[in-house]
2 protein chains.
Amino acid sequence: MLQTAQKRDVFQAVADPTRREILKLLAEKELPISEISAHFPMSRTAVAKHLQVLAEAELVRGRKKGREKIYWLHPEPLTELREFYELFWSNKLSKHKYVLESDPDNEY
Amino acid sequence: MLQTAQKRDVFQAVADPTRREILKLLAEKELPISEISAHFPMSRTAVAKHLQVLAEAELVRGRKKGREKIYWLHPEPLTELREFYELFWSNKLSKHKYVLESDPDNEY
DNA sequence: ATCATATAAAACCATTTGGTTTCACTTTCT
DNA sequence: AGAAAGTGAAACCAAATGGTTTTATATGAT
């Protein structure tokens, strides 16, 4: 395993709120682990593990720069979220058949 | 707790592949638990638990009909997926700044 | 050379997750 | 009434998850 180890499901990678926040952070700019972990109440090690998970899902990439490891966002796999969403809510071909037929707001 | 118990995170609900399949099934039409579980290799009880999770996330709703419990899709919470996706890939205001600045295909 | 910084890797731990099996309950069918 | 069908709820279990702490390693600064 040269680099990112084995694939990881995008939906599962994104299931954790901390990991979603990390992605938002990296959307602004690339950051070293220490700076990322400064935004969270947990240990740096814990954040590093979250970054590994995100890397396995190809949602981030990292490079070594001196003694730092810099991570940056690689948002492409998020299109899977969009594709899933559109199975139910596509606006292209008007709405999905289920959505069309569903009554607006029957709360039970 | 009268009904759907406590809220459940949509991202987490959708993290499991079985649950995603269930949602696709229910997009076609509402179904009783037994019919849903017929599509999966696991026990009916396991599928019932997945349905409970989906219900806690408000992604499905259920009603009793005779001795059956019928579940149907309630896709509204999936908009959270879309909103998250669009933080990174919005096409409305052209692309997100990160996406704009990122070089196309630097593979490490 | 030495020391601080930044990370990596490993061991460990509690809780959650995704599954099972078993038992009880209600509804439908004969 | 009695049996079958469909579900609900509980107990149980192995594995995964999200944390921790500890130890080691490499880099940068003095």
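Letters A, B, ... are given to chains in the order of the sequence lines, protein chains preceding strands, and every chain is numbered from 1.
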* Asked: In chain order, what residues pass the side chain to side chain contact (heavy atoms under 4.5 Å, CB included) check against A:Ala57, with sequence neighbours excluded?
  -> A:Arg8, A:Ala13, A:Leu59
* Structure fact -> What residues 32-40 of chain B contributes to the DNA chain D interface at heavy-atom separation below 4.0 Å is B:Pro32, B:Ile33, B:Ser34
* To do: Encode nucleotides 19-30 of chain C as B, S and - characters from 5' to 3', where the letter depends on protein heavy atoms closer than 4.0 Å: B to the base, S only to sugar-phosphate, - to neither.
  => BBB-----BB--
* Asked: Can you list the residues that meet the side chain to side chain donor-acceptor pair (under 3.5 Å) rule with A:Glu21, with sequence neighbours excluded?
  -> A:Lys24
* To do: Look at the side-chain N and O atoms of A:Lys69 and state whether any lies under 4.0 Å from the OP1 or OP2 oxygen of C:dA8.
  => yes
* To do: Taking side chain to side chain donor-acceptor pair (under 3.5 Å) as the test, write out the residues that go with B:Arg63, two or more places apart.
  => B:Glu30
* B:His50 versus B:Thr18: any side-chain heavy-atom pair under 4.5 Å? -> yes
* Asked: Got a sec, which residues hit side chain to side chain donor-acceptor pair (under 3.5 Å) with A:Glu68, two or more places apart in sequence or on another chain?
  -> none
* Decide yes or no on side-chain contact (heavy atoms from CB on, under 4.5 Å) for A:Trp72 and A:Leu26, but give the supporting numbers first. => CA-CA 6 Å; A:Trp72 69 94; A:Leu26 294 180; 5.9 Å; no
* Any residue meeting ring pair (Phe, Tyr, Trp, His ring centres under 6.0 Å) with A:Phe11, in chain and number order, not counting sequence neighbours -> A:Phe84
* Between A:Gln52 and C:dA9, is there a side-chain N or O to OP1/OP2 distance below 4.0 Å? -> no
Using residues 33-49 of chain A as the side-chain source, report each donor-acceptor pair under 3.5 Å to any protein atom, sequence neighbours left out, with the distance given to one decimal.
unit_1	atom_1	unit_2	atom_2	d
A:Ser37	OG	A:Ser34	O	3.1
A:His39	ND1	A:Glu35	O	3.0
A:Ser43	OG	A:Ala46	N	3.1

* To do: Find which nucleotide of DNA chain D each of B:Ile70 and A:Gln12 is nearest to by heavy atoms, and output the residue with the more 5' nucleotide.
  => B:Ile70
* What is the distance, rounded to the nearest whole Å, between atom CG of A:Asp9 and atom P of C:dG18? -> 12 Å
